[in-house]
*Asks:* 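Quick one: the structure is below, questions incoming.
Per chain, numbering begins at 1; letters A, B, ... match sequence-line order.
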Amino acid sequence: MRQLRLTPSLIVFLLFVVIGLLGPWVAPADPNEQLDTVAGRYRPPATRLHAVHFEQGFWRLAERVERLPEGLAIERLGVRHVYDAASIANLTEDGVADQRFYLFGSDGFGRDVFSRWLHGARVSLSIALLSILIAMLVGVGCGALAAMGGRWVDGLLMRLVDGLLTFPWIFLIITLGALVPANPWSLIAVLGATAWMAIARLTRGELMTLKQRGFVLAARAAGASRWRIFHRHLLPNALPTLVVAATLRVGNIILVEAALSFLGLGVQPPAASWGNMIADGRDTMLAAWWISTLPGLSLVATVLAINLLSDNFRDALDPRQRSLDNLTLETQVRC
Amino acid sequence: MLRRLAASVLLAYLVLTLTFFFIHLAPGEPSVLFSDPRINAEKRQEIRRAYGLDRPLPEQYWRWMTSVSRGNWGISLQSGQPVFEVVLPRLLNTALLVAAISAVEYGFGISFGVIAAARSGTALDRFIRAFFLVLYAVPVFWLALVAMQLFSVRWPLFPIGQMTSHRFATMAPWEKALDLAHHVALPAITLGLARSGAVVRYVRNGLLEVQGKDFIRTAHGKGLSTGRVLWVHALRHALLPLAQRLGTSLPILLSGSLIIEAIFSWPGIGYQAYLAILQRDYPVILASTAILGLTVVLGSLLADLLMLWLDPRVRHAAT
């Protein structure tokens, strides 16, 4: 196995992981904060607004503030208002204490797109990783059982896999998804429960090939038990291929989760996910392009990085390996 | 051949059996799926009896298998029509869309794959490969939105969603065909283009693989032009795995068409299933999924038959 280098795709993927891990802590604002729905909505990227906190408790966002001797003059949506000092809670020497900086602009509810984007990365990452974990456990378990368990078990399990693979993935997800309550945990469970079949088939294939290899036959001749052959000889040799397969599925699960959230069947609002952020911005794509364009581009970058990464992995493992080449292309749902 | 047919029948049987299990996977009470969850216990018992849900499980299984094999998939909760009558016409609309998507996918994929192979190693080859690789990572639902905003809203070249215009019923036949083509164009181009990356890769790799083979050298030796050797002799060889792929990629294609249909309001089985989800019309969701499963079984059987017809090696192995 060749050394893995720090390629751009690896950097993008690591960046995605770091954003997903740290995102919520570095987010400048609460992702659901709506300080001023009227003056705060549809602000383009890199807008800085002054946040005026009134004594009654509500907030107003203003493009400009000017400290007057008797109080504060603000310019909100191009209109000038003057308030006396006693009515404002966060008054300072030269204006107000709070500001909002919309790095990626704000959406139709006046929420900060950057903060939502950070939280969305966390959602995408954790849903994808947890469901791939479930899929790997079930898939490798089932594949191993089929490869080690004898003809009948093998036949039964592989027919089950064939049957489940016959259903289009998205349809399988919505059919099972309709049975469970709509929350992130059931989403993870449903994604995991519908993504393991290709992994099971691959695991079985790998183990079957390995079983014919000389070192396994030698171990068997030396009297090693079935379990020992499996976990000492077969699994360690099959694992690299399985890891590549899993990486690849991660990219696809991220896309599928985004598509489901976009349709309103995945992560439920107001929780942010890149998919439902695109849905939020779908009607204002031309007027307020930033709401859906940035999550869209982030999805492209992440998935592209993961696809390239698994290509690299595959080359590092074995450039001639065709079983994975087919997996790279064929089990990806384009959605 | 008989073996292949038997495998398809077995698979179809598995699809129906698994569907039966999906119903009984429902937490608690399957009758909730077939009726309004708020009705009272008495009414629920009535529904349980009506659907035979109070019978022992093996008997229910037998009833399910016999009734679905007769085309009885239950009643839509939303429209009150038999589910089969709701879903079947949608299946044809989806078939139309899927055919158009495939035409775009293979059209673009094969052309650019051949160009990339002919110019392999050049900047053009690298550009084509990089372009389709990036395209392969673009979320289709987002690409569809962008395409719709640009080519239906900003520059209204294509209609915004739907399958036909309002005055479709009064159109002449050739006008109808034109109208359908106009409506199918944007969704087909979007998903077709997004999917064509895999085809480019297949065709390019396939062409490069046969480069040094005897039959290519023979063709060159006969004095055929490079273009003819590439587009006819080599390409025919590279297309064989694609014919196989027609069958295997069908479930994935249908998954993608759900998203495209939902965005373009294409009245296909995917859009129907999407609406059924929003209306919690479980019989329709279940039937759509199961019927698509059966369609996939049939589709891959047809693709294998196509292979049998196309590839003499497979034909000889089979007989």
*Asks:* To the nearest 0.5 Å, what is the distance between CE (B/Met148) and CE (A/Met285)?
*Replies:*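 The CE atom of A/Met285 is 10.5 Å from CE of B/Met148, to the nearest 0.5 Å.
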*Asks:* Within a 6.0 Å radius of atom CZ on B/Phe158, are there more than 12 heavy atoms belonging to other residues, nucleotides or ligands?
*Replies:*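 Yes, the 6.0 Å shell around CZ holds more than 12 heavy atoms from other groups.
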*Asks:* Which atoms form the tightest heavy-atom contact between B/Leu254 and A/Phe171, and what is the distance?
*Replies:*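 B/Leu254 and A/Phe171 have their closest heavy atoms at O-CE1, 3.6 Å.
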*Asks:* At a 4.5 Å cut-off on heavy atoms, which part of B/Phe141 comes close to chain A: side chain, backbone, both, or neither?
*Replies:*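 Contact with chain A involves both backbone and side-chain atoms of B/Phe141.
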*Asks:* Are any non-hydrogen side-chain atoms of B/Phe22 and A/Leu172 less than 4.5 angstrom apart?
*Replies:*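 Side-chain contact under 4.5 Å: yes.
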*Asks:* Please rank B/Leu150, B/Leu145, B/Ile259 by heavy-atom pairs under 4.5 Å with chain A and give me the top one.
*Replies:*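 The candidate making the most pairs under 4.5 Å is B/Leu145.
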*Asks:* Should we say atom CZ of A/Phe16 is surrounded by more than 12 heavy atoms from elsewhere, each under 6.0 Å from it?
*Replies:*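 Yes, enclosed.
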*Asks:* Any heavy-atom pair between the side chains of B/Tyr282 and A/Leu179 that's under 4.5 Å?
*Replies:*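 Contact flag for A/Leu179/B/Tyr282 side chains = yes.
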*Asks:* State, to 0.1 Å, how close A/Thr293 and B/Trp142 come at their nearest heavy-atom pair, and which atoms those are.
*Replies:*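 Shortest heavy-atom contact: O-CZ2, 3.9 Å.
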*Asks:* Please identify, among B/Val297, B/Ile277, B/Thr295, B/Leu191, the residue contributing the most non-hydrogen atom pairs under 4.5 Å to chain A.
*Replies:*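 Of the options given, most contacts go to B/Ile277.
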*Asks:* What is the distance from atom CG of B/Leu292 to atom CD1 of A/Ile170, rounded to the nearest 0.5 Å?
*Replies:*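 Separation between the atoms: 12.0 Å.
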*Asks:* Is it the case that atom CZ in B/Arg154 sees more than 12 heavy atoms from other parts of the structure closer than 6.0 Å?
*Replies:*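 No.
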*Asks:* If you compare all heavy atoms of A/Gly163 against all heavy atoms of B/Leu18, which two are closest, and at what distance to 0.1 Å?
*Replies:*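 Looking at all heavy atoms of both residues, the closest pair is C-CD1, 3.6 Å.
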*Asks:* Of all of B/Leu278, B/Leu258, B/Ile260, which one pairs up most often with chain A through heavy atoms under 4.5 Å apart?
*Replies:*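 The candidate making the most pairs under 4.5 Å is B/Leu258.
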*Asks:* Taking side chain as C-beta onward, heavy atoms only, is B/Tyr136 less than 4.5 Å from A/Val303?
*Replies:*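 No, their side chains stay 4.5 Å or more apart.
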*Asks:* Between B/Arg280 and A/Ala178 (side chain of the first, backbone of the second, donor and acceptor by atom type, cut-off under 3.5 Å), is there such a pair?
*Replies:*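 Indeed, once roles are kept as given, a pair shorter than 3.5 Å links the two residues.
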*Asks:* Would you say the side chain of B/Ile252 lies within less than 4.5 Å of the side chain of A/Trp169, judging by non-hydrogen atoms?
*Replies:*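 Contact flag for A/Trp169/B/Ile252 side chains = no.
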*Asks:* Could you state the interatomic distance from CG (B/Leu143) to CZ (A/Arg334), rounded to the nearest 0.5 Å?
*Replies:*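 That separation rounds to 8.5 Å.
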*Asks:* Is chain A contacted by the side chain of B/Ile285, its backbone, both, or neither, given a heavy-atom distance below 4.5 Å?
*Replies:*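 Both parts, heavy atoms under 4.5 Å.
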*Asks:* Say you draw a straight line from CG of A/Leu165 to OG of B/Ser300; how long is it, rounded to the nearest 0.5 Å?
*Replies:*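 One finds 11.5 Å between CG of A/Leu165 and OG of B/Ser300.
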*Asks:* Between A/Thr302 and chain B, which part of the residue has a heavy atom less than 4.5 Å away: side chain, backbone, both or neither?
*Replies:*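 Neither part, no heavy atoms under 4.5 Å.
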*Asks:* Against chain B, label A/Leu164 side chain, backbone, both or neither, depending on which of its atoms sit under 4.5 Å from a heavy atom there.
*Replies:*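 Both the backbone and the side chain of A/Leu164 come within 4.5 Å of chain B.
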*Asks:* Is the shortest heavy-atom distance from the side chain of A/Thr166 to the side chain of B/Leu14 under 4.5 Å?
*Replies:*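 Of all side-chain heavy-atom pairs linking B/Leu14 with A/Thr166, none is under 4.5 Å.
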*Asks:* With a 4.5 angstrom heavy-atom cut-off, which part of A/Leu265 approaches chain B: side chain, backbone, both or neither?
*Replies:*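 A/Leu265 touches chain B through side-chain heavy atoms alone.
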*Asks:* By a 4.5 Å heavy-atom criterion (distance strictly below it), what part of A/Ile173 contacts chain B: side chain, backbone, both, or neither?
*Replies:*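 It is neither, since no heavy atom gets under 4.5 Å.
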*Asks:* So which atom in A/Pro168 and which in B/Gly293 form the shortest heavy-atom distance, rounded to 0.1 Å?
*Replies:*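 In this case the closest contact between A/Pro168 and B/Gly293 is CD-N, 4.4 Å.
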*Asks:* Tell me, for B/Leu10 versus chain A, whether the close heavy atoms (under 4.5 Å) come from the side chain, the backbone, both or neither.
*Replies:*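 Side chain only.
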*Asks:* Test side chain to side chain contact (heavy atoms under 4.5 Å, CB included) on B/Leu133 and A/Leu308; report intermediate values, then the result.
*Replies:* CA-CA 9 Å; B/Leu133 195 67; A/Leu308 288 171; 3.2 Å; yes
*Asks:* May I ask you to test the A/Leu255-B/Val140 pair for a side-chain heavy-atom distance under 4.5 Å?
*Replies:*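 They are not in contact (no side-chain heavy atoms under 4.5 Å apart), so the answer is no.
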